[in-house]
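Right, one structure below, let's go through it.
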There are 2 protein chains.
Amino acid sequence: MSDAGLTLGLEEDPLLLDRQICFPLYAATNLLGRLYGPVLGKLNLTYPQYLVMLVLWEQQPQTIGALGARLYLDSGTLTPLLKRMEGAGLLSRARDQNDERRVVVTLTKRGKTLRNQALHVPETMANGYNAEGVDALRESVRDLVSILAQHSTRSRGSKTA
Amino acid sequence: MSDAGLTLGLEEDPLLLDRQICFPLYAATNLLGRLYGPVLGKLNLTYPQYLVMLVLWEQQPQTIGALGARLYLDSGTLTPLLKRMEGAGLLSRARDQNDERRVVVTLTKRGKTLRNQALHVPETMANGYNAEGVDALRESVRDLVSILAQHSTRSRGSKTA
DNA sequence: CGATAATGTCTTGCGTGCAATCTAATTGCC
DNA sequence: GGCAATTAGATTGCACGCAAGACATTATCG
């Protein structure tokens, strides 16, 4: 109450939780992480670690910077994460000889073979869901990501809309 | 290699990052949080704290359990978060006299008036984006959330009604 | 060639998220 | 009433995620 704003009749409260696009994304991400947890736990992986493995299984070796570009994460997140994975024997980290600033991440044999156990993960997670509409949803969210990434301070500073 | 099942010819590698629905959601959530950060920082709010305020501005007071049901979070997350917000003078926490197990969260005057400064946040965040398709996307993700919530072990679905 | 800027990673500090465990209060059941 | 089961929060321990700063290496420019 005591809203001193101008009410145009069609104006809706912009602060209603159900009007935010950000909240369903936030909730879905948390819920998904919770569902992935037990499944990935059997592989001794966390959800972000699983994503790193997905990238490395596609292409390998890669620098930390390249991993971050793909996953939209920076070294502040990746460095300790990769160290834990190195400790788990999944990968090794070494300075690039051609450019000592870079750190190259390489899968160990153990990291490569883990892929076999991970093959059933997508199927397990999708269990019971009809993929109807999922493809379209994935594309929509992906479009959103590409838009958001352009506005990210980490990539560029252009504020021109 | 790896003949993992019946190949219908259209079988693709299920572990490709771009085939996962979870990853765009994860990336979008991270990117959004990064974009909200500076805007909410002017209100001395983090993004999850902002969501709590959205819920409380809609209805107030509320128990911690009710907040968690709305935001899909549990007390392990909410208790320290709410304590910080209490320390910031935005709300107060008190045991329910009728049921001493519950903790009732009530906005302070400061918490209520903060709403005026928050009114421009959605508009600021949406700056430059055409809302075209956003409504549909929000509904799609919301459907996904409701499906995921049913499968959640924690589903504190105290469906009072 | 040397100063300087840019780049890539590491480190620090803080705030989430979540599983697991704990405690206190209430409910159920007899 | 008495006591086990349930419920609501709090606590603990761990792993992100990010901003900001530190650091070493490389590129750039005079």
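Proteins get letters first, then strands, A, B, ... in listed order; numbering begins at 1 in each.
- For B:Glu86 and D:dG9, the CD to P distance is 14 Å, given to the nearest whole Å.
- Between A:Arg84 and D:dC16 there is a side-chain polar atom (N or O) within less than 4.0 angstrom of OP1 or OP2.
- Side-chain atoms of B:Thr79 do not come within 3.5 Å of backbone N or O of B:Gly76 as any donor-acceptor pair.
- Considering only heavy atoms from C-beta on, A:Asp13 stays 4.5 Å or farther from B:Trp57 through its side chain.
- With sequence neighbours excluded, the residues satisfying side chain to side chain donor-acceptor pair (under 3.5 Å) with B:Arg93 are B:Glu86.
- For B:Thr79, the side-chain atoms get nearest to D:dA10 when compared with the rest of D:dA10, C:dG17, C:dG8.
- The phosphate of C:dC18 (OP1 or OP2) has a side-chain N or O of A:Arg34 nearer than 4.0 angstrom.
- Regarding A:Leu90, its CG atom lies at a distance of 13 Å from the P atom of D:dA15, rounded to whole Å.
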Using atom types as modelled, flag every donor-acceptor pair under 3.5 Å from a side chain in residues 26-33 of chain B to any protein atom, sequence neighbours excluded.
{"unit_1": "B:Thr29", "atom_1": "OG1", "unit_2": "A:Leu25", "atom_2": "O", "d": "3.2"}
{"unit_1": "B:Thr29", "atom_1": "OG1", "unit_2": "A:Thr29", "atom_2": "OG1", "d": "2.7"}
{"unit_1": "B:Thr29", "atom_1": "OG1", "unit_2": "B:Leu25", "atom_2": "O", "d": "2.8"}

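- Take the nearest nucleotide of DNA chain C for B:Tyr47 and for A:Ile64: the residue whose nucleotide is more 5' is A:Ile64.
- Taking only side-chain nitrogens and oxygens, A:Thr46 comes nearer than 4.0 Å to OP1 or OP2 of D:dC16.
- Rounded to a whole Å, the CG atom of A:Leu82 is 16 Å from the P atom of C:dG8.
- For the pair B:Thr108 and B:Ser92, the tightest heavy-atom approach, listed with the atom from each and the gap, is CG2-N, 4.2 Å.
- Listed nucleotides C:dT16, D:dG17, D:dT26 differ in distance to B:Gln49; the shortest reach to its side chain belongs to C:dT16.
- Across all strands shown, A:Gly65 has heavy atoms under 4.0 Å from sugar-phosphate atoms exclusively, and none from any base.
- Dashed line: the shortest gap from a side-chain N or O of A:Lys83 to OP1 or OP2 of D:dA15 is not under 4.0 Å.
- Counting to the nearest Å, the C1' atom of D:dC16 and the CG atom of A:Leu32 are 16 Å from each other.
- The distance between atom CG of B:Asn98 and atom C1' of C:dA25, rounded to the nearest whole Å, is 13 Å.
- Rounded to an integer number of Å, the gap from A:Leu40 CG to C:dC18 C1' is 14 Å.
- Residue A:Val103 places its side chain closer to C:dT9 than to any other of C:dT9, C:dG17, C:dG15.
- For A:Gln62 and C:dT9, the CD to P distance is 11 Å, given to the nearest whole Å.
- For the pair B:Thr77 and A:Asp99, nearest-nucleotide mapping onto DNA chain D gives the more 5' position to B:Thr77.
- Side-chain atoms of B:Ser75 come within donor-acceptor range of the base of D:dA10, with a qualifying N/O pair under 3.5 Å.
- With the nearest nucleotide of DNA chain C identified for both A:Thr29 and A:Arg93, A:Arg93 has the one nearer the 5' end.
- Rounded to whole Å, atom P of D:dT11 lies 14 Å from atom CG of B:Leu78.
- Closest approach to the A:Arg102 side chain among D:dC18, C:dT9, D:dG9 is made by C:dT9 (side chain taken as heavy atoms from C-beta onward).
- Comparing D:dG17, C:dT11, C:dG17 against the side chain of A:Leu73 picks out D:dG17 as the nearest.
- Between the side chain of B:Arg102 and the backbone N or O of B:Ile64, no donor-acceptor pair lies under 3.5 Å.
- Backbone-only contact: A:Tyr26 has heavy atoms under 4.0 Å from sugar-phosphate atoms and none from a base.
- Listed nucleotides C:dT16, D:dC16, C:dT7 differ in distance to A:Arg101; the shortest reach to its side chain belongs to C:dT7.
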